[in-house]
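Beneath this line is the structure, given in structure tokens, with notes to follow.
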Amino acid sequence: MADPRYAIELKGISKSFGPVQANRDIHIAVPRGTIHGIIGENGAGKSTLMSILYGFYRADSGEIFINGKPTAIPDSQSAIRAGIGMVFQHFKLVQNFTVLENVVLGAEEGALLAGSLSRARRVLGELSREYELDVDPDAVIEDLSVGHQQRVEILKALYRQADILILDEPTGVLTPAEADHLFRILKGLRDQGKTIILITHKLREIMETTDNVSVMRRGTMVGTVRTAETSPEELAELMVGRKVLLEVEKAPALPGKVVLKIEDLRVRDEHGVERLKGINLEIRAGEILGIAGVAGNGQSELLEALGGIARATGRITMNGVELPLSGKGADGRARRAAGIAHVPEDRQALGLIMDFTAWENVAFGYHDAPEYQKNALFMDNDALRADTERKMATFDVRPPIPTLAAKNFSGGNQQKIVVAREIERNPDLLLVGQPTRGVDIGAIEFIHKQIVALRDQGKAILLVSVELDEIRSLSDRIAVMFDGQIMGLRDPETTDERELGLMMAGMTGKGEAA
Amino acid sequence: AEPAIIFDLGGKFDKSFNEAAFNGAERWAQETGGTYKELEMQDEAQREQALRRLAEAGSNPVVMTGFAFGDVLAKVAPDFPDTKFAIVDMVVEQPNVKSVVFNEHEGSYLVGMMAGLASKTGTVGFIGGMDIPLIRKFGCGYAQGVKAVNPDATVVLNMTGTTPAAWNDPVKGAELAKGQKAQGADVIYAAAGGTGVGVLQAAADEGILSIGVDSNQNYMHPGSVLTSMLKRVDNAVYEAFKEGEALTPGINVMGLANDGVGYAMDENNASLVTAEMQAAVDAAAEKIKSGEIVVHDYMSDNTCPAATF
Amino acid sequence: MDYATLLQLLDTTLRLATPLLFACLAGLYSERAGIFDIGLEGKMLMAAMASASVAFLTGSVWVGMFAGMAASLVLAGIHGVASITFRGNQLISGVALNFVASGITVLIAQRLFGQGGRTPPLAGDARFEAITLPLAEELRGVPVLGPLYAEVISGHPLLVYVALLMVPLTWWVLYRTRFGLRLRAVGENPAAVDTAGISVVGLRFAAVAITGILCGLAGAYMATALQAGFGREMTAGRGYIALAALIFAKWRPVAALWACLLFGFFQALALRPDVVEAVVQVKVPVPFLDALPYVLTVLVLAGFVGKAIPPRAGGEPYVKER
Amino acid sequence: MERLPKWADVALVPLISLLLAAIIAALVILAIGQDPWEALTVMVQGSVMNAYGWGYTLYYASSFMFTGLAVTVAFHASLFNIGGEGQAQLGGLGVALACLFIPWPHWTLALLGAATAAALFGAAWAAIPAYLQARRGSHIVITTIMFNYIAAAVLIFLLVDVLRPDGQMDPATARFPEAAQLPTLNEIPGFNLIFTSNVPANVTLFIALGMAVVVWLLLWRTRLGYAIRAFGKSEAAARYAGISPFAIIMVAMLISGGLAGMMAINNVMGEAERLLQNSASGAGFIGIAVALMGRNHPVGVVLAALLFGFLFQGGAELGLWTKIPIEMRTVVQGLVILFTGALDVMVRMLLTWIFNLFRAGRAVKGAA
Ligand SMILES: Nc1ncnc2c1ncn2[C@@H]1O[C@H](COP(=O)(O)OP(=O)(O)OP(=O)(O)O)[C@@H](O)[C@H]1O
Ligand SMILES: Nc1ncnc2c1ncn2[C@@H]1O[C@H](COP(=O)(O)OP(=O)(O)OP(=O)(O)O)[C@@H](O)[C@H]1O
Ligand SMILES: [Mg+2]
Ligand SMILES: [Mg+2]
């Protein structure tokens with residue numbers, strides 16, 4: 001029998017997606033009336049675990065206890081009935097509905113709306129007062145800021161009388177002020193006796209808000225500690241694990257002239273939210289500039305703006321020539337012509353056409369390159385295949401079959417194809433995003449070597465990675481990004497993981513908030 | 001060889017033009033015990049294939065209803081010199097083609113008179129199918145007949161459309177009829193193939209009189225269909241089938257004089273047509289046969305003395 | 001154009017707008033739930049054939065009407081299975097079912113009656129008769145409004161009034177009931193519905209079924225009220241015009257009424273080129289009048305007449321993800 | 001659950017879909033009181049058992065190759081072009097204008113000129129929906145449907161009020177001059193040994209086959225084809241690669257419309273030898289079925305076009321020699337589209353299930 005003091009107790013939860021084991025024998029106990037943090041690297045299995053708890057996925061094995069009672073949660077309806085509410089990273093709101101309608105949806109009483117709506121209006125008023133969750137019940141969601149939308153999600157859960165509230169990376173999309181407000185709300189909820197599970201990558205938030213914290217790594221639960229008895233440093237260590245710190249053999253950098261100069265670069269997303277807030281950077285020939293940061297702090301936008309995918313404002317100068325940031329000439333093709341190669345963060349969505357063969361993918365972005373043309377009319381597919389075979393040999397892509405579809409290679413080998421394609425172009429500037437995400441140790445080493453070799457040929461490299469180890473071992477200079485801005489530049493020789501981690505969490509290296 | 005017949009768009013059960021042809025073929029089949037091939041057109045572009053396929057398969061003679069076959073027949077007939085063809089409503093000058101055309105203006109004149117006599121409002125209507133000279137010929141004869149008995153009468157003329165779809169658009173027929181009723185018409189003559197079904201229906205719904213065309217349509221709404229202008233397409237088909245492979249090529253004009261056109265009387269409209277009306281119309285018919293009255297044929301010069309299109 | 005002609009035109013407009021309105025509201029339910037349906041045409045056709053056939057065989061227009069709804073529901077069910085259960089391409093499914101309906105209606109009618117794919121003409125109780133509204137004759141004398149009431153408003157078959165009533169009813173269902181709220185939500189963001197613990201599949205099937213029923217009424221009206229029987233392809237593209245009207249109305253019920261009346265008015269005008277000519281003083285070719293609804297729809301789609309934003313999840317099969 | 005092998009996906013899935021469609025069609029024939037076997041016999045007899053039947057089967061197939069290829073090219077850019085019908089009719093207008101108003105010295109030149117006109121007119125008719133999709137996001141499926149209706153209206157107007165010769169009653173243009181008429185197969189040396197009587201299949205057949213090769217080369221051998229396919233697979237990735245979505249949507253639709261338009265040289269120039277109303281006779285829609293059935297590959301399209309040519313000619317024979325109405329072929333066409341295009345997931349699940357049964361059976365045997 002489980003302990004009724006725990007709002008939630010999970011015993012031996014396992015879940016795999018095909019070959020990927022997302023959760024492996026997870027045990028966790030969350031005492032009632034506490035805020036419980038869960039941290040872990042990308043892909044550690046946090047969201048999967050919570051989705052199991054909310055009935056979105058079914059665990060392959062394991063048991064769930066709610067308030068000490070064994071509870072089956074085959075679907076979201078059951079989770080709601082068990083008093084669980086979830087605020088997803090991507091909100092599940094109907095954009096053109098009012099707040100009231102969103103709150104009522106699925107929790108109506110009776111076939112007619114009028115009664116439900118007026119009751120909801122009353123209850124919402126009470127909840128708002130009680131938890132400082134003021135939102136206009138008649139506002140339409142799409143007119144609300146992200147922070148307010150999130151409050152609606154919380155209200156939705158509370159309206160369903162949730163006692164247990166799960167928030168998956170709630171602050172990824174919030175401004176610091178909004179995040180602070182959220183944490184005040186969460187503390188208020190806890191003080192009213194609710195139990196809260198908070199998933200976040202930001203150590204500062206864990207330290208300031210939670211009572212206990214669990215750390216996940218690669219599908220397993222590494223441990224649970226009382227927040228008061230731990231430190232950001234310890235958590236970072238638990239989270240990252242005692243991985244072999246890859247020693248990349250590289251000679252000291254010999255930086256040359258400035259290849260790329262970035263001035264006041266700004267990018268807005270489709271909702272008009274500013275994701276890059278004025279970036280200024282210089283990248284020199286013969287150096288690797290690493291961008292460290294937690295995912296979602298503008299690194300992707302930086303790469304996309306430089307790679308010609310996202311529209312931006314500001315000024316970028318490549319080898320002394322200004323490149324347009326929007327309109328004509330601001331596309332991937334023009335950037336490649338200007339000598340910029342790009343290994344995108346998401347190889348499957350951007351870097352490769354998964355249904356294309358390997359050799360077709362080797363031409364991706366370069367299909368009009370002269371050496372791939374037979375004549376004015378036709379592409380030289382034979383040459384392409386030969387070239388692919390060569391690249392596959394050089395980069396040890398397995399299996400070395402140019403006619404195999406990209407989707408049939410493993411993640412690591414897919415990445416090698418992309419890296420081979422971009423590096424072999426011999427670009428003046430290489431943009432690399434997450435070059436080794438999901439790639440095995442051997443391949444990591446290989447890809448790192450290639451990047452360093454390119455640097456040693458006097459090329460400029462901009463490296464974006466969420467892996468601190470990778471940033472530290474590869475970069476000649478490190479810029480830390482937080483909330484669309486550069487927090488500062490550090491020398492990898494003189495900085496340490498702790499300082500970088502704190503900067504990534506929005507604090508300056510000296511431990512103060514930014 | 002087996003004879004064959006091809007019905008035009010609208011289909012053999014259009015209650016009107018094609019159905020008349022169908023009845024002729026059936027009559028032949030019943031009288032002789034013979035069998036025949038039949039085909040209904042669905043689509044403009046199939047005409048040539050239909051003709052060729054029947055000729056190729058050995059049908060003889062091949063009879064087709066509708067002017068629209070004219071162009072195609074002129075192209076196909078020379079390819080099958082041993083097959084005889086007959087076409088209704090169009091003249092195709094080929095050595096193996098018999099062309100049957102009708103004096104529709106004469107029959108229309110008679111029913112026009114009847115409409116003029118039956119109308120209480122002094123306004124009568126005409127709803128044509130596809131707007132082509134052939135149908136104007138109907139309308140023009142009709143208007144002349146109306147004016148002959150009531151020179152002050154108003155004739156409201158509408159055409160259903162400009163494409164063959166106009167032969168089979170009962171909705172539009174019904175709406176046009178309702179429109180004409182609103183303009184005061186209390187007798188409406190439909191010369192529109194399958195579209196006429198809608199006209200007759202609307203007239204019955206609205207409590208006014210209608211006049212059918214081609215086949216005897218009096219039975220469709222007893223007490224509402226004043227009469228029908230008979231165009232003996234059935235006779236034309238029957239004759240062609242009976243002649244068989246010995247079909248005599250050339251042009252065959254069917255008018256009042258040789259019973260090619262006329263008007264229908266039966267128990268369904270007996271109560272609507274008075275003896276005086278019938279006497280007047282019959283008298284006019286005799287005069288037309290004798291040449292004493294000449295009904296103007298719109299197609300002879302594309303003008304009409306009694307109506308403007 | 002005199003008043004009598006105008007009344008005549010409006011009378012025709014109402015008659016011709018009715019099937020558009022049924023079909024348009026039918027499409028509204030489906031598309032509001034996120035299932036695109038270009039198969040309105042096929043469902044109407046199927047219902048027209050079934051209702052006319054059964055009405056003729058039983059002599060009862062009511063039995064015929066229900067048969068029409070049932071036939072339309074069968075096609076709606078197939079569309080549901082293809083696009084909801086098997087997450088197939090909704091557009092292709094709609095196109096396919098239109099073809100099937102176009103052919104199979106003729107096959108069945110031919111098999112039943114042997115009259116070239118038509119049903120025999122319906123008469124008497126096998127057909128919806130026009131209803132004279134109370135006081136129509138008495139009020140006829142009242143200037144302007146009297147004739148309007150007697151000529152345009154009164155004197156239509158029952159289904160015309162049912163269609164008109166469907167507009168406020170649909171509005172009420174959509175905006176005032178739990179079902180309506182969920183229906184609108186599932187077309188905008190099925191994930192929101194799913195996480196709220198409601199079955200996306202169930203809701204979508206319900207919407208598709210309503211579409212089937214309303215298309216059934218549209219077809220039954222065509223065959224047993226507007227006309228007296230079924231004929232091949234008798235819906236003549238009305239399903240597509242209804243779709244156009246739906247876009248024009250931006251997927252809103254009251255606007256759908258106006259859009260259908262507008263398109264019905266165009267159809268009425270196309271029937272009376274003489275009136276058009278009298279009004280605009282030039283001979284307007286009938287094909288241009290026929291094409292007007294389509295041209296307008298393209299303009300709406302292009303955003304020249306206000307942007308039409310379809311339900312956000314429209315056309316996309318729902319796949320569960322976080 | 002294991003995946004299907006590629007050969008099964010490419011060949012077996014369409015065949016099973018076809019089989020399912022055929023089974024349902026047979027049931028329909030049974031339900032209307034006719035004999036499916038007899039129907040099949042009549043269809044086969046009349047369409048592929050003699051030269052005359054082939055003359056028609058190939059004629060229809062030529063049209064369907066064009067429209068099928070048109071749908072294919074658009075599909076590869078993930079655009080669903082339902083507007084083939086309207087584009088083909090406009091192509092017919094181009095052919096008619098070229099044939100009627102230019103005095104061609106020889107049919108070869110006339111063919112070249114008419115084909116160009118047909119492609120241009122068809123492409124122009126596709127250009128507006130393409131532009132609206134690319135720039136304003138108007139759904140191409142709806143706009144192309146609307147353009148089908150608008151095309152029909154435009155053609156009726158032109159045929160009735162502008163191009164119809166004086167004194168002619170049916171809405172059609174005059175017959176094209178002798179020099180603008182294409183040789184049919186029975187007029188081509190060599191082929192006339194097989195085709196002894198006048199058949200509608202004409203030199204356009206070779207152009208259609210040629211276009212299949214051209215489309216194959218375009219899609220799999222040229223930079224443009226590469227860009228079209230990449231865009232069709234992933235718009236986001238195409239942006240990364242610097243492929244302009246606007247350019248691809250426009251170009252793919254122009255090619256698609258051009259191909260649909262070129263169909264007119266078969267039916268308008270090669271067969272009718274004048275422009276009729278509704279000249280495309282639904283071939284634009286059949287192109288959808290052909291492309292789906294042919295798995296959007298030119299080789300598949302050619303085979304599927306032959307199949308549909310057979311269905312079309314066989315269906316016409318049904319109307320002639322049996323009591324099964326000619327509408328049967330519309331039903332079959334709808335069923336094929338339904339099973340290959342909308343229920344493909346079901347067919348695939350079915351096949352996968354069967355395959356797994358097989359595998360399990362083998363595993364059990366292996367263990368024993
Ligand atoms: N639906 C799915 N199908 C296949 N694999 C999945 C699916 N969902 C998650 N995974 C895999 O399961 C693993 C755990 O993913 P999960 O999203 O739970 O990680 P996470 O800890 O939430 O990561 P992040 O911090 O990036 O959100 C990953 O390897 C992921 O690729
Ligand atoms: N979508 C797919 N379709 C077909 N085969 C696949 C697919 N994904 C993976 N495979 C096959 O399964 C194998 C294992 O893939 P997986 O991505 O799990 O490899 P991995 O062990 O993670 O390798 P790596 O470390 O290189 O990423 C691959 O080598 C590939 O052949
Ligand atoms: Mg996650
Ligand atoms: Mg992997």
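Quick note on labels: first sequence line is chain A, next is B, and so on, each numbered from 1.
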Exercise. Examine whether an atom of C/L16 lies under 4.5 Å from a heavy atom of chain B, and if so say whether it belongs to the side chain, the backbone or both; otherwise answer neither.
Key: side chain

Quiz item: Side chain, backbone, both or neither: which part of B/E175 has a heavy atom under 4.5 Å from chain C?
Solution: both

Practice problem: Go through C/A4, C/G229, C/G114 and name the one with the most non-hydrogen pairs under 4.5 angstrom from chain B. | Solution: C/G114

Quiz item: Between C/E41 and C/T235, does any side-chain donor sit less than 3.5 Å from a side-chain acceptor?
Solution: yes

Quiz prompt | Which portion of B/K181 sits near chain C, non-hydrogen atoms under 4.5 angstrom | solution = neither

Exercise. Could you give me the CA-CA distance, side-chain angles and deciding distance for B/N168 and B/D14, then say whether side chain to side chain donor-acceptor pair (under 3.5 Å) is met?
Key: CA-CA 8 Å; B/N168 193 16; B/D14 65 354; over 6 Å; no

Quiz item: Where does C/L271 contact chain B at under 4.5 Å (heavy atoms): side chain, backbone, both or neither?
Solution: both

Exercise. Go through the steps for C/Y149 and C/S154 under the test side chain to side chain donor-acceptor pair (under 3.5 Å), then give the verdict.
Key: CA-CA 6 Å; C/Y149 181 68; C/S154 170; over 6 Å; no

Quiz item: Parallel under 30°, tilted from 30 to 60°, perpendicular over 60°: which one fits the rings of B/F22 and B/F7?
Solution: perpendicular

Quiz item: Given the rule in the side chain to side chain donor-acceptor pair (under 3.5 Å) test, do C/S60 and C/D125 qualify, once you have shown the distances and angles that lead to the verdict?
Solution: CA-CA 5 Å; C/S60 161; C/D125 289 340; over 6 Å; no

Exercise. Let me know if C/Q8 has heavy atoms under 4.5 Å from chain B in its side chain, its backbone, both or neither.
Key: side chain

Quiz item: Heavy-atom distance under 4.5 Å to chain C: side chain of B/Q183, backbone, both or neither?
Solution: side chain

Quiz item: After noting the C-alpha distance and the side-chain angles of C/T132 and C/E137, does the key distance pass the side chain to side chain donor-acceptor pair (under 3.5 Å) rule?
Solution: CA-CA 9 Å; C/T132 306; C/E137 290 314 311; 5.9 Å; no

Quiz item: Between C/E233, C/M234, C/R232, which residue shows the highest count of heavy-atom pairs closer than 4.5 Å to chain B?
Solution: C/R232

Exercise. Looking only at non-hydrogen atoms, find the nearest pair between C/L40 and C/A242 and report the distance.
Key: CD1-CB, 4.5 Å

Quiz item: Non-hydrogen atoms of chain B under 4.5 Å away: do they reach the side chain of C/A236, the backbone, both or neither?
Solution: neither

